[in-house]
Amino acid sequence: QVQLVESGGGLVQAGGSLRLSCAASGRTFSTFAMGWFRQAPGKEREFVAALSRSGDSITYQDSVKGRSTISRDNAKNTVYLQMNSLKPDDTAVYYCAARESLFIKRDWYYTDHSDYGYWGRGTQVTVSS
C-alpha cells in the first residue's frame, strides 16, 4: 500500500502560479510512476501530467504544456506540479496518483487513470478571472 497526500491548492487570480505537492508514504516511492489528474465540476477526471519512476520520462496534457512542470524528489518521497499562467479553466480538484512499476522493465509514464492503483484525496485549485 501507498498513501498519497496532496497539498498546495488554493485560490489564485488568472495569470498566477501554484505549486502542488504530493507526499507519499508506505512503500518505496522510487518504484512508482506518478501522475497528476484533475476533475472540474460536472466533468470527468482528466490527465494533467505524468512522469516515470526515475523522473526521466515526462508528458503533459496539451492544455497545460508550456505552463506546467512535473517533477519528483525521490529522497523526499514527493512529486510536484508547478503551474504557471493559470487560467479559470484550470479550476478543478487536482489528484495525485501512483502506479507500482518495480517489475516493469521500461522506465515510462502512464496517462490513463485506469493505469493507477493509488490515489490521493485531492486538493482544490480555483482560478478567478
Side-chain angles (χ1 to χ4, degrees):
Q1 292 291 330
V2 64
Q3 292 77 44
L4 304 173
V5 179
E6 303 95 336
S7 61
L11 174 63
V12 63
Q13 289 188 335
S17 298
L18 283 175
R19 188 195 196 200
L20 306 184
S21 298
C22 172
S25 62
R27 294 279 296 274
T28 304
F29 180 67
S30 61
T31 67
F32 286 84
M34 302 296 296
W36 285 96
F37 291 75
R38 67 186 180 186
Q39 188 166 17
K43 296 186 177 181
E44 294 187 352
R45 190 169 299 191
E46 65 174 2
F47 167 74
V48 177
L51 78 175
S52 63
R53 58 179 180 259
S54 71
D56 290 341
S57 298
I58 293 174
T59 191
Y60 299 93
Q61 184 202 109
D62 286 345
S63 69
V64 305
K65 196 176 296 183
R67 302 189 293 122
S68 300
T69 302
I70 187 172
S71 62
R72 67 189 297 161
D73 185 336
N74 285 346
K76 295 183 178 180
N77 291 354
T78 302
V79 63
Y80 305 96
L81 182 67
Q82 175 71 43
M83 300 188 296
N84 303 319
S85 303
L86 283 162
K87 306 174 182 179
D89 283 349
D90 294 318
T91 295
V93 177
Y94 283 70
Y95 297 91
C96 172
R99 176 194 167 105
E100 172 62 75
S101 300
L102 176 62
F103 301 108
I104 298 175
K105 184 176 181 180
R106 189 182 188 190
D107 182 41
W108 201 239
Y109 51 73
Y110 301 88
T111 61
D112 194 308
H113 64 85
S114 65
D115 290 323
Y116 291 89
Y118 301 97
W119 292 85
R121 293 188 173 185
T123 184
Q124 176 71 48
V125 171
T126 303
V127 184
S128 63
S129 58

query = Partners of Asp56 by salt bridge (Lys or Arg N to Asp or Glu O under 4.0 Å), sequence neighbours excluded?
reply = none

query = Would you call Thr31 and Ser101 a side-chain contact if the rule is heavy atoms closer than 4.5 Å?
reply = no

message = When you group the ILVMFWY residues by side-chain heavy-atom contacts below 4.5 Å and let the links chain together, are Leu20 and Tyr95 in the same group?
response = no

inquiry  = I need the minimum non-hydrogen distance between Val2 and Ala98, along with the two atoms involved.
reply    = CG1-CB, 4.4 Å

task = Tell me, with the steps shown, if Leu4 and Met34 meet side chain to side chain contact (heavy atoms under 4.5 Å, CB included).
result = CA-CA 11 Å; Leu4 304 173; Met34 302 296 296; 4.1 Å; yes

ask   = Quick check: does any side chain N or O of Thr78 sit under 3.5 Å from a backbone N or O of Lys76, one acting as donor and the other as acceptor?
value = yes

Check against side chain to side chain contact (heavy atoms under 4.5 Å, CB included), Tyr109 and Ile58 = CA-CA 7 Å; Tyr109 51 73; Ile58 293 174; 5.6 Å; no

Under 3.5 Å: donor-acceptor pair, side chain of Asn77, backbone of Ala23 = no

request  = Any salt bridge (Lys or Arg N to Asp or Glu O under 4.0 Å) involving residues 80-102? Give me the pairs, sequence neighbours left out, ordered by first then second residue.
outcome  = Arg27-Glu100, Arg38-Asp90, Arg67-Asp90, Arg99-Asp115

Compile the donor-acceptor pairs under 3.5 Å between side chains in residues 5-19 and protein atoms, sequence neighbours left out, one pair per line.
from: Glu6; atom 1: OE1; to: Arg121; atom 2: N; distance (Å): 3.1
from: Glu6; atom 1: OE1; to: Gly122; atom 2: N; distance (Å): 2.8
from: Glu6; atom 1: OE2; to: Cys96; atom 2: N; distance (Å): 2.8
from: Glu6; atom 1: OE2; to: Gly122; atom 2: N; distance (Å): 3.2
from: Ser17; atom 1: OG; to: Asn84; atom 2: OD1; distance (Å): 2.9

message = The criterion is side chain to side chain contact (heavy atoms under 4.5 Å, CB included); which residues satisfy it with Ala40, sequence neighbours excluded?
response = Lys43, Ala92

task = Write down the atom of Met83, the atom of Ser68, and the distance for their closest heavy-atom approach.
result = CG-OG, 3.7 Å

Gap between atom SG of Cys22 and atom OH of Tyr94 - 0.5 Å precision = 15.0 Å

task = Begin with the C-alpha distance, continue with both residues' side-chain angles, and end with the deciding distance and a verdict on side chain to side chain contact (heavy atoms under 4.5 Å, CB included) for Thr59 and Thr111.
result = CA-CA 8 Å; Thr59 191; Thr111 61; 3.7 Å; yes

query = With sequence neighbours left out, which residue pairs that include part of residues 26-85 fulfil the ring-ring contact (aromatic ring centres under 6.0 Å, His included) condition?
reply = Phe32-Tyr118, Phe37-Phe47, Phe37-Tyr116, Phe37-Trp119

ask   = Between atom CG of Leu51 and atom CG of Asp107, what is the distance when rounded to the nearest 0.5 Å?
value = 9.0 Å

task = Any disulfide bond (SG atoms under 2.5 Å apart) involving residues 38-74? Give me the pairs, sequence neighbours left out, ordered by first then second residue.
result = none

message = Measuring from atom CD of Gln1 to atom OG of Ser25, what distance do you get when rounded to the nearest 0.5 angstrom?
response = 10.5 Å

query = Within the distance-only criterion (no hydrogens, no angle test), does the side chain of Thr91 pair as donor or acceptor with the backbone N or O of Val127 below 3.5 angstrom?
reply = yes

task = Would you check if the side chain of Arg72 reaches a backbone N or O of Ser52 as a donor-acceptor pair within less than 3.5 Å?
result = yes

